[in-house]
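What follows is a short report on a single structure.
The model shown is predicted, which means the values in this text are computed figures rather than measured ones.
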Amino acid sequence: MASASTNDQEVAYELPGLLRLYKDGHVERLRNTDVVPPSSNLSAGISSKDITINIYEPNISARLYLPKLNHPNQKFPLLVYFHGGAFCVGSPFCNKYHSYVTKLVAEANVVAVSVNYRKAPEHPIPAAYEDSWAALHWIASHRNSNGPELWLNNHADFGKVFLAGESAGANIAHNLALAAGSEDLGSGLGIELLGIALVHPYFWGSDPIGSEAADPDKKAHIDRLWPFICPSNPDNDDLRINPVALGGPGLTGLGCKRVLVSVAEKDVLKDRGWVYYRVLSGSGWMGVVEIGETEGEDHAFHLNDLESQKAKNLIQRLAHFFNRDMPFL
């Protein structure tokens, strides 16, 4: 808790570097609040536009990306992307995520839908999951080429659908894949997920593992995040944030065929990614999971320098994951 005063307003709660919540209910976000147009910094041949998925409450929007077309009816793998930001900051429309998804689309040759979900604390968990699931349903409505968005009707290959995200976005991708594998929820989706790519996933737990206790301040920062964004169930062993709690009982039903986990050596979340990989590998899930670790880097390093060689290597690995076993186009 903080008791400082800013502009004559008292701060009720602060997540350093992310946001401040004032006692009057006002939220001040401290990063990734900028908005760039979809035409900004596009790679050669890439097209982008903003779309509205749901005009009613809650309003759900997204940024759509189309790779360079070699012929008018060309189909591409479909990537549904969820940005990071601890469930409380960021959007598909800020320069950081727009630039990254543009690079990924150019390298991987995929149609991408970058989803804008509601943020905590105004909209606590499960709002982000609900919006993302609704967006996935809307996207799936194009599977027979008769949905409202022509780019998806004409160019998305619904036999090759992937979910991906960074940090909180990776957490969303995992939880949506669980829902897609559920007999009750998945049957209404109408599509199958080929894979999910989890980059520096935001998973946590109440008991420290690996090197988490080595930096008490950083651990304390992560410890208080889930209770802030999910006050209805503030337990860090909630299966949505700790999918391996109790042995990972739901992982066998993960609704996709392959999983890529990417971690960074200096990231406090790294050990959770490794445990997720190991538990999923031994869970009896009938898919293939792989993991890669970037040496010498911290959480979401690639978003801060897309031109670095390590960022390029990560993007290339993701592109390979999305296009594996595909014929040359």
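Between the Asn54 side chain and the Ile60 main chain, no donor and acceptor come within less than 3.5 Å of each other. No side-chain donor-acceptor contact under 3.5 Å links Arg272 to the backbone of Leu269. Side-chain atoms of Glu107 do not come within 3.5 Å of backbone N or O of Lys103 as any donor-acceptor pair. A side-chain donor-acceptor contact under 3.5 Å links His200 to the backbone of Ala300. Of the possible donor and acceptor atoms, none in the side chain of Asn116 sits under 3.5 Å from a partner among the backbone N and O of Pro92. Not one N or O on the side chain of His142 forms a donor-acceptor pair closer than 3.5 Å with the backbone of Ser145. Checked by atom type and distance alone, the side chain of Asp24 pairs as donor or acceptor with a backbone atom of His26 at under 3.5 Å. Of the possible polar contacts, one joining the Trp285 side chain to the Leu254 backbone as a donor-acceptor pair under 3.5 Å is found. Using modelled atom types, one side-chain atom of Asn323 and one backbone atom of Ala108 make a donor-acceptor pair closer than 3.5 Å.
At a threshold of 4.5 Å between side-chain heavy atoms, the hydrophobic network of Ile, Leu, Val, Met, Phe, Trp and Tyr places Leu189 and Leu185 in one connected group. Hydrophobic clustering keeps Val36 apart from Leu306 (ILVMFWY residues linked when any side-chain heavy atoms are closer than 4.5 Å, directly or through intermediates). Residues Leu163 and Ile125 fall within the same hydrophobic cluster, defined by Ile, Leu, Val, Met, Phe, Trp and Tyr side chains chained together at heavy-atom separations under 4.5 Å.
A donor and an acceptor atom, one from each side chain of Asn233 and Trp226, are nowhere located under 3.5 Å apart. Looking at Glu10 and Tyr22, their side chains never bring a donor and an acceptor atom within 3.5 Å of each other. Using modelled atom types and a 3.5 Å distance limit, the side chains of Gln309 and Asn313 yield a donor-acceptor pair. For the residue pair Asn242 and Asp238, no side-chain donor N or O sits within less than 3.5 Å of a side-chain acceptor on the partner. The closest side-chain donor-acceptor pair between Tyr65 and His98 falls under 3.5 angstrom. Lys68 and Asn109 are not linked by any side-chain donor-acceptor pair at a separation below 3.5 angstrom, with hydrogens and angles left out of the test. Using modelled atom types and a 3.5 Å distance limit, the side chains of Ser206 and Asp235 yield no donor-acceptor pair. Side-chain polar atoms of Glu166 and His302 form a donor-acceptor pair below 3.5 angstrom.
A salt bridge does not link Asp215 with Lys219: every distance from a Lys NZ or Arg NE/NH1/NH2 to an Asp or Glu carboxylate oxygen is 4.0 Å or more. With salt bridges taken as basic N to acidic carboxylate O contacts below 4.0 Å, none links Lys270 and Glu212. Here Glu290 pairs with Arg324 in a salt bridge; the nearest charged N to carboxylate O distance falls below 4.0 Å. With salt bridges taken as basic N to acidic carboxylate O contacts below 4.0 Å, one links Glu122 and Arg29.
In terms of heavy-atom proximity, Leu251 sits nearest to Tyr276 at CD2-CE1, 4.1 Å. Smallest separation of non-hydrogen atoms from Asn304 and Lys96: OD1-NZ, 3.2 Å.
Counting heavy atoms from C-beta outward, Trp204 and Asn171 have side chains that stay 4.5 Å or more apart. Side-chain contact between Ser283 and Pro249 is absent, with no heavy atoms from C-beta onward closer than 4.5 Å. The side-chain heavy atoms of Leu194 and Phe322, taken from C-beta on, include no pair separated by under 4.5 Å. Contact annotation: the side chain of Lys257 never approaches that of Val288 to less than 4.5 Å [non-hydrogen atoms, C-beta and beyond]. Taking 4.5 Å as the limit, some side-chain heavy atom of Leu152 sits within range of a side-chain heavy atom of Leu64. The shortest distance between side-chain heavy atoms of Val113 and Leu79 does not fall below 4.5 Å.
The line from CG of Asp298 to NZ of Lys218 is 4.5 Å long, rounded to the nearest 0.5 Å. Within the model, atoms CD of Glu265 and CZ of Phe301 stand 11.5 Å from one another, a figure rounded to the nearest 0.5 Å. Atom OG of Ser114 sits about 9.0 Å away from atom CZ of Phe82, to the nearest 0.5 Å. The line from SG of Cys230 to CG of Asn236 is 10.0 Å long, rounded to the nearest 0.5 Å. One finds the CD atom of Glu307 at 9.5 Å from the OG atom of Ser99 (value rounded to the nearest 0.5 Å). Remark: Lys266 NZ to Thr294 OG1 distance equals 12.5 Å, nearest 0.5 Å.
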Decide ring-ring contact (aromatic ring centres under 6.0 Å, His included) for Phe162 and Tyr81; before the verdict, give the C-alpha distance in whole Å, the side-chain angles of both, and the deciding distance to 0.1 Å. CA-CA 8 Å; Phe162 295 88; Tyr81 176 79; over 10 Å; no
Are Asp271 and Ser211 close enough, and set up right, to give a side-chain hydrogen bond (donor to acceptor under 3.5 Å, both in side chains), and what steps lead you there? CA-CA 7 Å; Asp271 293 315; Ser211 60; 3.1 Å; yes
Given the rule in the side chain to side chain contact (heavy atoms under 4.5 Å, CB included) test, do Ser91 and Asn32 qualify, once you have shown the distances and angles that lead to the verdict? CA-CA 7 Å; Ser91 82; Asn32 300 331; over 6 Å; no
Criterion side chain to side chain contact (heavy atoms under 4.5 Å, CB included) on His155 and Leu69, from CA distance to verdict: CA-CA 9 Å; His155 301 296; Leu69 295 174; 3.6 Å; yes
Give the intermediate values and the outcome of side chain to side chain contact (heavy atoms under 4.5 Å, CB included) for residues Lys310 and Asp305. CA-CA 9 Å; Lys310 289 180 181 178; Asp305 185 4; over 6 Å; no
Ser48 vs Arg63, side chain to side chain contact (heavy atoms under 4.5 Å, CB included): CA-CA, chis, key distance, verdict: CA-CA 7 Å; Ser48 180; Arg63 182 159 286 183; 3.4 Å; yes
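Remark: Glu295 CD is loosely packed, at most 12 non-hydrogen atoms of other residues, nucleotides or ligands lying under 6.0 Å away. More than 12 non-hydrogen atoms from other residues, nucleotides or ligands lie less than 6.0 angstrom from CD of Glu149.
A cation-pi arrangement, defined by a distance under 6.0 Å to the six-membered ring centre and an angle within 45 degrees of its axis, is present between Lys49 and Trp151. Taking the ring axis of Tyr13 as reference, the NZ or CZ atom of Arg224 stays within 45° of it and closer than 6.0 Å to the ring centre.
For Phe87, the ring pair (Phe, Tyr, Trp, His ring centres under 6.0 Å) criterion is met by Tyr129, not counting sequence neighbours. Scanning for ring pair (Phe, Tyr, Trp, His ring centres under 6.0 Å) contacts around Tyr117 gives His83, with sequence neighbours left out.
Tyr277 and Trp274 have perpendicular rings, their planes meeting at more than 60° on a 0 to 90° scale where under 30° would count as parallel.
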